[in-house]
Amino acid sequence: ETLTVTGNATIVEGKLGDVTNYTGAHSFGSLTIESGGTYIATSGNTTLTSEGTYWCLDNAGTFTHNDGLVTVTTNTNTLIRGMEGDVASGTGANRLNDLTVNLGSDGYRLEMDYLGASEPCTINRDVVITRGKFYPRSPDDDANALTIGRNFTVQADGLYGIASRTGADTFGSLTIQSGGEFIATSGTTTITGT
């Protein structure tokens, strides 16, 4: 079963989604989860195609990833906000499971926007940058740590990183394909697997 919202979907209170039944594709222009709201993601693909105020995903409530994939396909620079990943599941959950960045141009960027200067960010499993730029940023500096639990892949039209970044990066594995670009942090990059 699919769900498509061409504009901004805002969850003010209550829940959207069902852990046991939602396996089809969901597509939103952008998704805002307010305090008191819960999004239980499909175990398939949730696609974000545009943005609201500045964010394609703005979470102040609960985002339950349900082992699903989030794909960002905006034709603009955009942000994911409130998904630092310190709570993996349940009430207040704010962790992505898998992420694909496939922006409309390799010049556009997707930033993980941290709410605090020292908060780390964890993404459960795989991240693939198909097209565009991706990196974490905080309001005050670029010192936040990023952990990707499994594989991180930068494809031909992708770029990861920014020259000012000092925070620690940890990846299960790292693949930079021909044409892809990886700007390492001036801090520590750790590879934990293969």
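- Minimum heavy-atom separation, Gly180 to Val154: CA-CG1, 4.1 Å.
- To the nearest 0.5 Å, atoms CG (Leu96) and CD (Glu84) are separated by 10.5 Å.
- Side chains of Thr185 and Asp169: no donor on one and acceptor on the other come within 3.5 Å.
- Between Phe182 and Leu174 the shortest side-chain heavy-atom distance falls below 4.5 Å.
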Side chain to side chain contact (heavy atoms under 4.5 Å, CB included) between Ile129 and Leu159, worked out
CA-CA 7 Å; Ile129 307 175; Leu159 178 147; over 6 Å; no

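- Taking 4.5 Å as the limit, some side-chain heavy atom of Glu34 sits within range of a side-chain heavy atom of Thr10.
- Pairs of residues two or more places apart, or lying in two chains, that qualify as salt bridge (Lys or Arg N to Asp or Glu O under 4.0 Å) and include a residue from residues 85-100 are Asp98-Arg125.
- For the pair Asp113/Trp55, a side-chain contact is recorded, criterion being any heavy-atom separation below 4.5 Å from C-beta on.
- The backbone N or O of Asn151 sits less than 3.5 Å from a side-chain atom of Asp126, completing a donor-acceptor pair.
- Minimum heavy-atom separation, Ser186 to Thr166: OG-CG2, 3.4 Å.
- Between Leu16 and Phe28, the closest side-chain pair of non-hydrogen atoms falls below 4.5 Å.
- Looking at every heavy atom in both residues, Val72 comes nearest to Leu110 through CG2-CD2, 4.0 Å.
- Taking 4.5 Å as the limit, some side-chain heavy atom of Pro136 sits within range of a side-chain heavy atom of Tyr160.
- Thr49 and Ser27 get closest at one heavy-atom pair: CG2-OG, 3.9 Å.
- Each of Asn8, Ile80, Asn59, Ile11 was checked for a side chain to side chain contact (heavy atoms under 4.5 Å, CB included) with Leu31, and the lone residue meeting it is Ile11.
- How far CG of Leu69 is from CG of Leu99: 7.5 Å, rounded to the nearest 0.5 Å.
- At least one donor-acceptor pair under 3.5 Å links the side chain of Arg165 to the backbone N or O of Asn144.
- Here the side chains of Phe63 and Leu57 are in contact, with some heavy-atom distance below 4.5 Å.
- Considering Thr46, Thr62, Thr64, Thr32 as possible partners of Tyr39, the one that fulfils the side-chain hydrogen bond (donor to acceptor under 3.5 Å, both in side chains) test is Thr46.
- For the atom pair NZ (Lys15) and OG1 (Thr38), the distance works out to 6.0 Å, reported to the nearest 0.5 Å.
- Interatomic distance, Ser173 OG to Arg150 CZ, rounded to the nearest 0.5 Å: 9.5 Å.
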Go through the steps to decide whether Arg81 and Asp58 satisfy the test salt bridge (Lys or Arg N to Asp or Glu O under 4.0 Å), and finish with yes or no.
CA-CA 5 Å; Arg81 183 172 184 262; Asp58 185 10; 3.2 Å; yes

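- Checking side-chain atoms of Asn94 against main-chain N and O of Val87 turns up a donor-acceptor pair under 3.5 Å.
- Under the side chain to side chain donor-acceptor pair (under 3.5 Å) criterion, the residue pairs touching residues 67-79 are Asn45-Thr71, Glu51-Thr78, with sequence neighbours excluded.
- In the hydrophobic clustering of ILVMFWY residues, with side-chain heavy atoms under 4.5 Å counting as a link, Tyr108 and Leu48 come out together.
- Closest of all the heavy-atom pairs between Met83 and Met112 is O-CE, 3.6 Å.
- Looking at Leu103 and Phe134, their side chains never come closer than 4.5 Å, going by heavy atoms from C-beta outward.
- A distance of 6.0 Å separates CD1 of Ile191 from CZ of Phe171, quoted to the nearest 0.5 Å.
- Here the straight-line distance linking atom OG of Ser35 with atom CD of Glu13 works out to 9.0 Å at 0.5 Å rounding.
- For the residue pair Thr122 / Asn124, no side-chain donor-acceptor distance below 3.5 Å is found, with atom types taken as modelled.
- The two residues Gly52 and Ser30 come nearest to each other via the heavy atoms N-OG, 3.2 Å.
- Although no hydrogens or angles enter the test, the distance criterion places no donor-acceptor pair under 3.5 Å between the side chain of Thr175 and the main chain of Thr153.
- Using a 4.5 Å heavy-atom cutoff, the side chains of Thr100 and Thr130 are in contact.
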Going through the distances and angles, do Ile123 and Phe152 end up as a side chain to side chain contact (heavy atoms under 4.5 Å, CB included)?
CA-CA 10 Å; Ile123 298 174; Phe152 186 38; over 6 Å; no

